[in-house]
> 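Quick one: the structure is below, and I'll ask about it shortly.
Lettering of chains follows the sequences in order, A, B, ..., and the numbering in each one begins at 1. Atom set for the values below is all heavy atoms of this structure, side chains included, hydrogens, waters and symmetry mates excluded.
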Amino acid sequence: MDSALSSPSLNADSQVEKYVVCVDTFKVVLRLCKVGGLADEALMVLKKMPEFNIRPDTTAYNLVIRSLCEKGDMDMAKQLMGEMGLIDLYPDMITYVSMIKGFCDVGRLEEAYALFPVMSVHGCYPNVVAYSALLDGVCRFGIVEKAFELLAEMEKEGEGCRPNVITYTSVIQSFCEQGRAKDALSVLELMEVRGCAPNRVTASAWINGVCMNGQLQDVYKFIERIVGGGSVSMGDCYSSLVVCLIKIKKVEEAEKTFRMALSSGMKPDSLACSMMIREICSEKRVLDGFCLYEEVEKTGCLSSIDIDIYSILLAGLCQKSHSAEAARLARSMVEKRIPLRTPYVEK
DNA sequence: CTAGGGTTAG
């Protein structure tokens, strides 16, 4: 990056032919830096802009600030935010949300808090996203009472601040991860009181947390309860459970659960299907994996399954000389126009 | 640039 910027082809004095470098050109580069996690390079690019007589805009600053925040370099991010004023730019909601999230991520909660009065003074009134970012930090650092206080405050602030399903789900996730099932339950109850329906992400967060804490017995009660609410399907809950069981290496239980779900007419989601079949194949039970695949296919929920599964199955079947099954699978792959992954072509 | 989740190596 450094050499590219200082090379003769990208230089303020000798702009390449007739191509005009403008602020959007730089933003393309800044966006690339951001997705690539190159915060320092982004900063360098930003500093280069004036040499091209281009004044960075708020978006440009936000891209760099966000990169720095993601890297955890909050001192530099803070400095940059301060510098915006020097060229008559003002931080907007995106700037503040980035900063709040960044401060929370590194545990500097006080500084995250301190941004709220500042942004209000500048006419940028905190919204649900800003509050949720702060709340997320508060929860992650285990300050339960403060979390409930903040939720109440958001409710009081009115329309643009009211906690929504994403807000509540984040809180539940934090609590579940910390093994605070009771507190998580209070949040779920609070959602119900406020008329905010949990969704599959809420359920997944819960199931994950409880599984990780080894409280599998509680999972089934929870699933019954949340499905009873009518906003999450049984299939979604069992899919999350299967994914989770595989993650904690309880493969046998995962398989039992998965098969049970299938035979009770649920439609497991594509991730659960993919992971389950992949797992069975990795245990060298390719034929079992293939049978399960065919069974899953009958339910019609295979449309978005990980396409690598086909290659894995086909390669396994060939290797174990299950030619009839291999041929059947190959035919259906051709019909569905599913390409064979290159590493498997030889097989 | 705008909050929350989950896989992977023949």
> Using the salt bridge (Lys or Arg N to Asp or Glu O under 4.0 Å) rule, collect all pairs that involve residues 231-247 of chain A, keeping only residues at least two apart or in two chains.
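Those involving residues 231-247 of chain A are A/Arg200-A/Asp236.
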
> Who pairs with A/Leu185 by side-chain contact (heavy atoms from CB on, under 4.5 Å), at least two apart in sequence or on another chain?
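A/Leu185: side-chain contact (heavy atoms from CB on, under 4.5 Å) contacts with A/Leu188, A/Glu189, A/Trp206, A/Arg225.
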
> Using a 4.0 Å heavy-atom cut-off to protein, can you give one letter per nucleotide of nucleotides 2-9 of chain B, 5' to 3': B if the base is in contact, S if only the sugar-phosphate is, - if neither?
BBBBBBS-

> Going by the rule side chain to side chain donor-acceptor pair (under 3.5 Å), which residues pair with A/Asn127 if we only count those two or more places apart in sequence or in a different chain?
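Result, side chain to side chain donor-acceptor pair (under 3.5 Å) vs A/Asn127: none returned.
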
> Considering only residues two or more places apart or on different chains, which pairs with a residue in residues 83-95 of chain A satisfy salt bridge (Lys or Arg N to Asp or Glu O under 4.0 Å)?
A/Lys47-A/Glu83

> Check the distance between B/dG10's P and A/Leu340's CG and give it to me in whole angstrom.
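Atom-to-atom, A/Leu340 to B/dG10, this comes out as 14 Å.
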
> Extract all donor-acceptor atom pairs below 3.5 Å that involve side chains of residues 117-125 of chain A and protein atoms in other chains or at least two apart in sequence.
unit_1	atom_1	unit_2	atom_2	d
A/Ser120	OG	A/Phe116	O	3.0
A/His122	ND1	A/Val118	O	2.9

